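The block underneath contains the structure these notes are about, expressed in structure tokens.
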2 protein chains.
Amino acid sequence: MSGTHTGVPSVLAHELPRPVPADELAACPVGDVFRRVGDKWSMLLVILLGGRPHRYNELHRAVEGISQRMLTRTLRGLEADGLVRREVHPTVPPAVEYSLTPLGRTLLEPLSALADWAVRHGTEIDEARSRHAAGSGAPSP
Amino acid sequence: MSGTHTGVPSVLAHELPRPVPADELAACPVGDVFRRVGDKWSMLLVILLGGRPHRYNELHRAVEGISQRMLTRTLRGLEADGLVRREVHPTVPPAVEYSLTPLGRTLLEPLSALADWAVRHGTEIDEARSRHAAGSGAPSP
DNA sequence: CGGCATCCTTGCGGATACTG
DNA sequence: CAGTATCCGCAAGGATGCCG
């Protein structure tokens, strides 16, 4: 076990093995970030912007499954958290460019570490699911 | 930039900078895992079980903000994914022990890397929020 | 082009009560 | 002790329409 990633191996092991104040996780930044990560679009946009800055409709086209509502909402949230920067170019047809802030860029690494894990063990998860489904309730179709 | 975490630096940079098939993220294990991480209780339980095996009511007491419904649901989900193992001891008062599988244990590291990031940059996020709130809509109370 | 406002559906998630 | 089952509130999220 042990932790040799960033330097703080047992942030969790120190924060949670205790009586867990319940909503402490929701109040502390960890819960906040976890929520963001779990957000269907947030991390997708972060990663997308990690590659290059994008314009609004460019993002809308890139994801192509998100509604304007969610695109704007998510971007606003990320902007509020200082992960994304919004630059408005006062041209004749208004052009808005979204880019990742330095802070947002630092998120890419722990994020990719997690994504990496998912890719690596994705098969195992899938197998475990099949195995579980087989022994639970899906006998004779 | 660069990536020196797990060994696969640009899983995301390779998967997403492309036209993003939209629901590809939702279908592939990455989206799945991200959803779990974002889940309010899942990772909390994983971390908790990462310390030691726990029994049902022991977990219920530990978190103490979760309902039986969510406790069971979350545990079942984690069990289905092969992250948690459920052992039933056929004693007179039934005793069920939940523990982390080897697979589940491997998740602890990328997870703590992310949590670590959150703790490290939590202040910056908070500051960015205040800064954003100050310039958006909270003028004179 | 880049948004914001509104409506309406979906399902997550909590509280409660009952069983093995 | 370890769940299962039911009810209900609430807000996340998609579709649509209008404005700068």
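Throughout, a chain's letter reflects where its sequence line sits, starting with A, and its residues are numbered from 1. Keep in mind the model is a prediction, meaning the values are calculated, not measured.
Within a 6.0 Å sphere centred on CZ of Arg35(B), heavy atoms belonging to other residues, nucleotides or ligands number 12 at most.
Here dG14(C) presents its C1' atom at 14 Å from CG of Asp39(B), a figure rounded to the nearest Å. To the nearest angstrom, P of dG3(C) lies 12 Å from CD of Glu97(A). Note: CD1 (Ile66(A)) to P (dT16(D)) measures 16 Å, nearest angstrom. One atom, CG of Leu45(A), and another, C1' of dG13(D), lie 15 Å apart when rounded to the nearest Å. The distance between atom NZ of Lys40(A) and atom C1' of dC12(C), rounded to the nearest whole Å, is 15 Å. With rounding to whole Å, Arg36(B) atom CZ is found 14 Å from dC12(C) atom C1'. His60(A) has its NE2 atom 12 Å from the C1' atom of dG3(C), to the nearest Å.
Although no hydrogens or angles enter the test, the distance criterion places no donor-acceptor pair under 3.5 Å between the side chain of Ser112(B) and the main chain of Ala115(B). Side chain of Arg86(A) to main chain of Val96(A): no donor-acceptor pair is present (N/O by atom type, distance under 3.5 Å, no hydrogens or angles).
With values rounded to the nearest 0.5 angstrom, Ile125(A) atom CD1 is found 6.0 Å from Leu103(B) atom CG.
Dashed line: the shortest gap from a side-chain N or O of Trp41(A) to OP1 or OP2 of dA12(D) is not under 4.0 Å. Listed pair Tyr98(A) / dG3(C) meets the phosphate criterion, a side-chain N or O lying under 4.0 Å from OP1 or OP2.
Residue Arg86(A) has its side chain nearest to dG3(C) when only dG3(D), dG2(C), dG3(C) are considered.
Nearest heavy-atom pair, Leu48(B) versus Ala62(B), reported as atom, atom and distance to 0.1 Å: CD2-CB, 3.6 Å.
Taking the charged nitrogens against the carboxylate oxygens, Asp39(A) and Arg73(A) have no contact shorter than 4.0 Å, which rules out a salt bridge.
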(request) Carefully, step by step, assess Leu44(B) and Ile66(B) under the rule side-chain contact (heavy atoms from CB on, under 4.5 Å). (result) CA-CA 11 Å; Leu44(B) 188 56; Ile66(B) 192 174; over 6 Å; no
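When heavy atoms are screened at a 4.0 angstrom cut-off, Arg35(A) is found touching no nucleic acid atom at all.
Within residues 68-83 of chain B, the residues that have a heavy atom under 4.0 Å from DNA chain C are, in order of number, Gln68(B), Arg69(B), Met70(B).
Mapping Pro94(B) and Ser67(B) onto DNA chain C by nearest heavy atom places Ser67(B) at the nucleotide closer to the 5' end.
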